[in-house]
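Take a look at the structure below.
Naming convention: chains lettered A, B, ... in sequence-line order (proteins, then strands); numbering from 1 in each chain.
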2 protein chains.
Amino acid sequence: MAEKVTSLKVAERAGVSQSAVSRVFTPGASVSKKTADKVRKAAAELGYRPNVLARAMVSGKSRIIGLVVAYLENYFYPEALEKLSNALQEKGYHVLVFMASQTAGNVDKVVEEILDYQVDGIVMASVAMSSDIAERCQQAGVPVVLFNRYEDREGVAAVTSDNFAGGRKAAEFLLAGGHQRIALIAGWEGASTQRDREAGFRSALSQAGQPVFARGKGEFKAEAARDAARSMFDVPPDQRPDAVFVANDHMAFSVMDVIRFELGLSIPGDVSVVGYDDVPPAAWLAYDLTTLRQRANLMVAETVATLMRLIETPDAAAPRKTALDCPLIVRGSARVPLGWTSEG
Amino acid sequence: MAEKVTSLKVAERAGVSQSAVSRVFTPGASVSKKTADKVRKAAAELGYRPNVLARAMVSGKSRIIGLVVAYLENYFYPEALEKLSNALQEKGYHVLVFMASQTAGNVDKVVEEILDYQVDGIVMASVAMSSDIAERCQQAGVPVVLFNRYEDREGVAAVTSDNFAGGRKAAEFLLAGGHQRIALIAGWEGASTQRDREAGFRSALSQAGQPVFARGKGEFKAEAARDAARSMFDVPPDQRPDAVFVANDHMAFSVMDVIRFELGLSIPGDVSVVGYDDVPPAAWLAYDLTTLRQRANLMVAETVATLMRLIETPDAAAPRKTALDCPLIVRGSARVPLGWTSEG
DNA sequence: TTGAAAGCGCTAACAG
DNA sequence: CTGTTAGCGCTTTCAA
């Protein structure tokens with residue numbers, strides 16, 4: 001392997017000082033065109049590129065963003081990851097990925113590791129944050145943005161969709177469809193998204209004077225949702241819900257599989273199903289799932305904007321919590337009330 | 001934000017030299033238990049953790065692996081990414097992700113950026129590698145492993161499944177099922193995976209004296225596959241294939257949608273479908289897709305092993321190309337020959 | 001086993 | 001505008 005090409009080598013070849021080389025590669029530094037040309041020429045000949053790590057050390061800015069994810073089985077996240085990585089790349093940042101199982105201590109450990117890399121910021125997708133760790137980041141001066149989760153606690157920025165409103169819309173749609181026995185398969189109780197979706201759902205239902213006919217625990221996992229669906233629907237017809245709101249699409253698919261293929265019921269003939277997220281498979285015709293769309297584009301854009309604001313002005317006002325509107329995408333998995341059209 | 005805690009601060013508090021602190025945090029360095037205890041105590045009190053970047057600068061090892069991906073819509077990759085990241089994390093490495101569109105120059109640019117981070121190795125998933133860039137990495141002394149692709153060129157390590165054998169199995173299964181008009185929807189021609197799958201498929205077919213009844217271009221994209229399926233199947237019954245091998249699951253789903261929901265044909269009654277990858281949705285009952293399983297676990301394990309070998313012994317023998325066996329998973333989307341059982 | 005000293009490759013004042 | 005001079009926080013000789 002060839003010798004390492006340093007700025008010093010380039011400087012020698014170009015006949016300038018080493019700092020001149022540095023300046024040429026530092027946007028906004030003052031260099032004469034003549035020097036710049038000489039340096040660029042020498043750099044090109046040598047194949048020189050600045051060492052990002054060295055730069056990070058002295059400048060204190062690594063241009064690395066740590067990303068913690070725990071849940072790539074939910075296809076909302078690959079999409080988000082892709083968009084996030086692209087958006088950050090455009091701003092000259094790169095993403096260091098850390099997988100975290102939702103285990104208690106694990107996330108904390110992972111965040112410590114992230115901090116070791118002197119990241120400029122952290123995005124936590126679908127993971128909860130202990131206050132210990134929040135403080136640790138604060139004290140390290142590293143801004144954190146929660147993605148698709150939030151903490152009630154002050155001072156932690158978060159970007160979500162408006163899950164409460166989304167839950168309401170699901171219920172309203174089912175109500176308008178004339179359903180009488182509306183059930184819910186909930187996600188993992190530890191998630192703010194789950195809590196808000198259920199709260200919104202319940203609020204609309206009770207406003208209409210209807211109870212939640214049945215409630216299953218899906219934990220945001222396909223397996224758990226399948227079990228929940230079995231005990232919810234494998235019952236005599238008169239005890240069976242005629243509609244179910246499933247707290248995310250990932251679970252909704254396995255719920256639909258149980259309803260149609262294990263129990264031989266028809267969707268939406270016997271049961272209407274509404275999901276949440278609008279991941280790509282929701283649009284596949286075999287599912288054709290009516291669902292609340294989380295707009296990954298917008299959520300990512302807002303996340304990046306928030307992060308940049310926090311990085312550039314660390315002493316800014318209290319970090320913002322954003323909740324983006326969440327359109328109902330009407331497809332074929334739930335009976336459509338007369339005259340109702342999709343919001344998407 | 002509190003002051004930065006450096007090894008020097010810890011040294012002062014522990015009453016030892018700064019290098020003593022360094023040694024305590026360097027596995028395998030020689031320190032007395034007494035010093036170690038003092039240092040650890042001081043470090044804990046101060047919340048000290050070594051700065052990975054500084055360490056990387058002097059040691060030349062960043063413990064960062066660059067990962068280039070281009071294709072997260074194919075759900076084989078999120079799975080692989082998750083497993084890869086986990087496996088690497090266990091070995092004390094972390095993954096810096098770079099999204100690359102398959103555009104010609106783009107990958108090269110991305111790899112340059114990766115190199116700027118002084119990564120210890122690079123994994124390229126589903127992206128081709130120009131020989132320019134291969135040389136660049138070589139000269140920078142950074143080992144590269146191709147994941148789910150290979151280059152014919154010597155000297156580039158690669159991990160794939162045995163796509164030729166897989167293609168053969170697909171054909172043999174369809175043949176054994178008694179199909180007379182077996183078609184193919186191909187992936188992107190630039191990919192070695194596509195070429196091998198098709199070659200294997202053709203080899204078994206011609207060995208049985210059958211032609212490829214029809215061939216569509218799916219490009220590994222759902223949209224393209226949909227169009228290909230439309231023109232392949234929306235024809236008079238006697239010109240219609242009775243079976244189709246689709247070069248990956250991602251495309252197979254949209255092909256199935258066209259066949260069943262747009263054209264009202266039955267699977268496997270009118271048409272048998274076989275895919276490739278065995279991504280999670282292939283097991284969802286609404287698709288229940290017979291497919292060749294790419295064992296992400298094994299592929300990732302092999303990738304990590306290869307990478308570690310290359311990192312630890314840079315002057316090792318010519319990098320290895322591995323092709324892992326690929327079992328046929330028999331489900332309901334293709335007619336099952338009598339007495340045939342799944343390999344998975 | 002330990003401390004002192006010399007950098008890793010770069011940026012950021014500071015004079016000139 | 002440009003060169004000189006200090007480091008960034010750490011590992012690693014080299015003597016002691």
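The 5' end of DNA chain C is approached more closely, in terms of each residue's nearest nucleotide, by B:K34 than by the other of B:K34 and A:V52. Residues B:G15 and B:V58 both approach DNA chain C. Their nearest nucleotides, taken by heavy-atom distance, put B:G15 toward the 5′ side.
Summarising the geometry, the separation between NZ on B:K4 and C1' on D:dC10 is reported as 13 Å, rounded to the nearest angstrom. Atom NZ in B:K61 sits about 14 Å away from atom C1' in C:dC8, given to the nearest Å. Rounded to whole Å, atom P of D:dT11 lies 8 Å from atom CD of B:Q18. The separation between B:N51 atom CG and C:dC10 atom P is 17 Å, rounded to whole Å. As a whole-Å value, the separation of B:R49 CZ from D:dG9 P is 17 Å. Residue B:M57 contributes atom CE, which lies 10 Å from atom C1' of D:dG9 at whole-angstrom precision. Summarising the geometry, the separation between CG on A:L53 and C1' on C:dG9 is reported as 10 Å, rounded to the nearest angstrom. As a whole-Å value, the separation of B:K33 NZ from C:dT2 P is 13 Å.
Scanning atom types as modelled, no donor and acceptor separated by under 3.5 angstrom connect the side chain of B:S19 and the base of D:dT11.
Within the structure, a side-chain polar atom (N or O) of B:T35 is placed less than 4.0 Å from OP1 or OP2 of C:dT2. For D:dC1, the OP1/OP2 oxygens have no side-chain nitrogen or oxygen of A:S32 closer than 4.0 Å. In this structure, A:S17 does not reach the D:dT2 phosphate: none of its side-chain N or O atoms is under 4.0 Å from OP1 or OP2. Between A:S7 and the phosphate of C:dC10, there is a side-chain N or O to OP1/OP2 separation shorter than 4.0 Å. A:Y117 has no side-chain polar atom (N or O) that falls below the 4.0 Å cut-off from OP1 or OP2 of D:dG9. In this structure, B:T6 does not reach the D:dG9 phosphate: none of its side-chain N or O atoms is under 4.0 Å from OP1 or OP2.
When each of B:R40, B:K33, B:K34 is paired with B:D37, the side chain to side chain donor-acceptor pair (under 3.5 Å) condition holds for B:K33 and for no other.
Nearest nucleotide to the side chain of B:A54, out of C:dC10, D:dG9, C:dT2: D:dG9.
Annotation: proximity of residues 21-29 of chain B to DNA chain D (heavy atom, distance under 4.0 Å) is found for B:S22, B:R23, B:T26, numbered in ascending order.
The two residues B:V95 and B:S85 make their nearest non-hydrogen contact at CG2-CA, 4.0 Å.
Side chains of A:C137 and A:V111 form a contact here, defined as non-hydrogen atoms less than 4.5 Å apart. Counting only heavy atoms from C-beta outward, the side chains of B:R320 and B:E302 approach each other to under 4.5 Å. Annotation: side chain of A:I64 is in contact with side chain of B:Y117 (closest heavy-atom distance under 4.5 Å). B:D108 has its side chain out of reach of B:R136: every pair of non-hydrogen atoms, C-beta onward, lies at least 4.5 Å apart.
The residue B:S30 sits close to a base: some heavy atom pair falls under 4.0 Å.
Residue pairs meeting the ring-ring contact (aromatic ring centres under 6.0 Å, His included) criterion with at least one member in residues 52-72 of chain B, sequence neighbours excluded: B:Y71-B:Y77.
Between the side chains of A:Q118 and A:S62, no donor N or O sits under 3.5 Å from an acceptor N or O.
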